[in-house]
Amino acid sequence: MLQTRRCGELSEADDDTEQTLCGWLQETRNLGGIAFLQLRDSTGIAQLTLPKKKVGEDNFKVWTAIARESTLRVTGTVKANQEAPNGLELVPTELEVLNAAATPLPLGVVDRIESEIETRLNARYLDLRRPEVAAFFRIRAAISGAVHNHLRREGFLEVQTPKIIASATEGGTALFPVQYFDREAYLAQSPQLYKQVLMSGGLDRVYEVGPAFRAEEHNTPRHLNEFISIDIEMSWADDDDVMGVMERLVATCAESVSQEAEALTALEMAPLEVELPLPRITYDEAIEIASAKADIAWGDDLSMEATRAIAEQYGGFYFITKWPLSLKPFYIQAEGEKHSKGFDFMFREVEMTSGGQRVHDVALLELRLREQGLDPKEFGHYLEPFRYGMLAMVFSGAQNVRECVLFPRDRNRLTP
RNA sequence: GCCCCGAUAGUGUAGUGGCCUAUCAUGCAGCCUUGUCGAGGCUGCGACCCGGGUUCAAAUCCCGGUCGGGGCGCCA
């Protein structure tokens, strides 16, 4: 057995027993006649205490010279001691360096200095060793679990569709071309076309959680060129039904995240309260609110400036419903003359995703397509993909999506 | 793709034409120190993004590039 305890698992009951621990050497405090080493793994920190007389001159010299963030395996006797952190320490008899860390580190794991996200991403393997960084991924995982549980409970079937596709299925988004043997192919920007086929195939409630790729050259704290999307499609439903699914889904996520007390504490983040039903404001109302603070007229898309004004009144999640037909894709159903059954799902000033009721009449669909000068053989979908990173960002309080993605792909970043 | 702002030791920063042989912290290296937990003390190491230009003189001013931050656009 490589280890007999995790670093965070030592207890009073282990007093005077021999144990073996593995972990990263977080810090060494050498006081001359005695030294303290902090050994860390994902469960916590154990203090190794090295009284020079007990461990011997030679061991003392070698063991206190090990570079920070090296990986160690250490065996010794556990001692309960009031002066030790958590009241426990381990006095080593054997200490093996599994891997010595390079020095100096590109990034201090426990240093007081806060590095820029750019530096951190370049040394992500070190960055992730910080509890507040790992916390983002605990929250992400909590959301992931909640999404699957919830949608399954509501009768949605999880599906996986191809990520290598033959042609640009949508007119708008730039795709990444890839070489597929001797043909050109693309990385999928959305599962929409396949979801569409599944609806026809009788799987009338499906969802997919998977990667999506968009070759857009934007550079914002919210956009990535590769992201994990939560994509939902349901038949026999109108825009209200879809909003119902979305708000219940988000409420389940909030509930699940609120149980991640340790991660939230590390992030200094209060759990988000989601009270159902979420507010629904119409586009017309949104324009009225926004026009007091922003230069905006009916028929305009809502700028960041406009949504900030709205966010002053709606602090959490909410829907903006009944958008002008002209601002929504051709496949969204009309409501009256100028309005549509399309909605945006918002968190404060940020658009999380959008959705709506689709036009199911093929003739009408083709007419609307031609009006927009598009090819009628293309189809739409009920719900724009939900970006995982965005949910994680909101629930963790991150200022940049890159925080919530292990190895983000953006305009300039392809490694690590 | 457009606009505004920025780039200085491993990391984070100070420095607005000569006082820069470039500040401070952290780190790293060495020495001292038997209860550290943001350990402490002493000594040392280490940097002006790249390419042009202006000037007697450039980290500092100008032009181009690269990269980063914010906003916009794009994301039917």
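Computed from a predicted model, the values in this text were never measured in an experiment. Quick note on labels: first sequence line is chain A, next is B, and so on, each numbered from 1.
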Quiz item: For the pair made of CG in A:Leu107 and P in B:G12, what is the distance, rounded to whole Å?
Solution: 8 Å

Quiz item: What does B:U36 pair with, Watson-Crick or G-U, if both distances are under 3.5 Å?
Solution: none

Quiz item: A:Thr49 has a side chain; which of B:A29, B:A25, B:G35 sits nearest to it?
Solution: B:G35

Quiz item: On a whole-Å scale, what distance lies between the P atoms belonging to B:G6 and B:C75?
Solution: 31 Å

Quiz item: According to a strict under-4.0 Å criterion, is A:Arg222 in side-chain N/O contact with OP1 or OP2 of B:C75?
Solution: no

Quiz prompt | Interatomic distance, A:Ile34 CD1 vs B:C37 P [rounded to whole Å] | solution = 13 Å

Quiz item: Phosphate oxygens OP1/OP2 of B:G71: is one of them under 4.0 Å from a side-chain N or O of A:Arg308?
Solution: yes

Exercise. Sort out the partner of B:C28 for me: Watson-Crick or G-U wobble, both distances under 3.5 Å, none otherwise.
Key: B:G44

Quiz prompt | Base B:U36 paired with A:Gln47 side chain (donor-acceptor, <3.5 Å) | solution = yes

Quiz item: Rounding to a whole Å, what distance do you find between A:Glu114:CD and B:U26:P?
Solution: 17 Å

Self-check item: Residue met sooner reading RNA chain B from 5', once A:Leu31 and A:Leu105 are mapped to nucleotides
Solution: A:Leu105

Quiz prompt | Between B:U33 (C1') and A:Lys52 (NZ): distance, integer Å | solution = 9 Å

Quiz item: Which part of the nucleic acid, if any, lies within reach of A:Lys53 when heavy atoms closer than 4.0 Å are counted: base, sugar-phosphate only, or nothing?
Solution: base

Quiz item: Is the distance between the ring centroids of A:Phe176 and A:Phe213 less than 6.0 Å?
Solution: no

Self-check item: A:Pro104, nearest nucleotide to its side chain (from B:C28, B:C75, B:G35)
Solution: B:C28

Quiz item: Once the angle between the rings of A:Phe317 and A:Phe347 is folded into 0 to 90°, is it parallel (under 30°), tilted (30 to 60°) or perpendicular (over 60°)?
Solution: tilted

Quiz prompt | Euclidean distance for C1', B:C5 against B:C74 (whole angstrom) | solution = 22 Å

Self-check item: Pairwise C1' distance for B:G41 and B:U54, with rounding to whole Å
Solution: 50 Å

Quiz item: For atom C1', what is the distance between B:U16 and B:A57, given to the nearest Å?
Solution: 16 Å

Practice problem: Report the nucleotide, chosen from B:G68, B:U34, B:G10, that has the shortest atom-to-atom distance to any side-chain atom of A:Glu118. | Solution: B:G68

Exercise. Please check the phosphate of B:G12 (OP1 and OP2 only) for any side-chain N or O of A:Thr119 closer than 4.0 Å.
Key: yes

Quiz item: On a whole-Å scale, what distance lies between the C1' atoms belonging to B:A47 and B:C42?
Solution: 25 Å

Quiz item: Does a distance-only test, which skips hydrogens and angles, find a donor-acceptor pair under 3.5 Å between the side chain of A:Glu89 and the base of B:G35?
Solution: yes

Quiz item: Nearest of B:G27, B:G71, B:C37 to any side-chain atom of A:Pro221?
Solution: B:G71

Exercise. Select one nucleotide: of B:U36, B:C74, B:U11, the one nearest the side-chain heavy atoms of A:Ser115.
Key: B:U11

Quiz item: Would you call the rings of A:Phe319 and A:Phe343 parallel, tilted or perpendicular if under 30° counts as parallel and over 60° as perpendicular?
Solution: perpendicular

Exercise. Go through A:Trp298 and A:Asp284 one step at a time and tell me if the side chain to side chain contact (heavy atoms under 4.5 Å, CB included) criterion holds.
Key: CA-CA 7 Å; A:Trp298 199 94; A:Asp284 291 7; 2.6 Å; yes

Quiz item: Distance between the C1' atoms of B:C24 and B:G64, in whole angstroms?
Solution: 34 Å

Exercise. Check the distance between B:G68's C1' and A:Arg120's CZ and give it to me in whole angstrom.
Key: 15 Å

Quiz item: Rounded to the nearest Å, what distance is computed from the CG atom of residue A:Asp111 to the C1' atom of nucleotide B:A25?
Solution: 11 Å

Quiz item: Should B:G18 form a Watson-Crick or G-U wobble pair with both distances under 3.5 Å, which nucleotide is its partner?
Solution: B:C56

Quiz item: Rounding to a whole Å, what distance do you find between A:Glu349:CD and B:G70:P?
Solution: 13 Å

Practice problem: Mind listing the closest non-hydrogen atom pair of A:Asn30 and A:Ala35 along with its distance? | Solution: CA-CB, 3.9 Å

Quiz prompt | Over 12 foreign heavy atoms within 6.0 Å of CD, A:Glu114 | solution = no

Self-check item: Base partner of B:G68, which must satisfy Watson-Crick or wobble distances under 3.5 Å
Solution: B:C5

Quiz item: Over how many whole Å does the gap from A:Glu27 atom CD to B:U26 atom P extend?
Solution: 13 Å

Self-check item: Upstream residue (5' side of RNA chain B) when A:Ile117 and A:Ala65 are each assigned their closest nucleotide
Solution: A:Ala65

Self-check item: A:Tyr207 ring center near A:His148 ring center (under 6.0 Å)
Solution: yes

Practice problem: Determine the Euclidean distance between corresponding P atoms of B:U26 and B:U66; express it in Å to zero decimal places. | Solution: 38 Å

Quiz item: Between B:C28, B:C37, B:C72, which nucleotide has the shortest distance from any of its atoms to the side chain of A:Met304?
Solution: B:C72

Practice problem: State, to 0.1 Å, how close A:Arg402 and A:Ile117 come at their nearest heavy-atom pair, and which atoms those are. | Solution: CB-CD1, 3.8 Å

Quiz item: Say you pick atom C1' in B:A76 and the same atom in B:U8; how far apart are they, in whole Å?
Solution: 46 Å

Practice problem: Determine the contact category for A:Pro51: base if any of its heavy atoms lies under 4.0 Å from a base atom, sugar-phosphate if only primed atoms, P, OP1 or OP2 are that close, otherwise nothing. | Solution: nothing

Quiz item: Watson-Crick or G-U wobble partner for B:C75, using a 3.5 Å limit on both distances?
Solution: none

Practice problem: Pick base, sugar-phosphate or nothing for A:Ala67, based on heavy-atom distances below 4.0 Å to the nucleic acid. | Solution: nothing

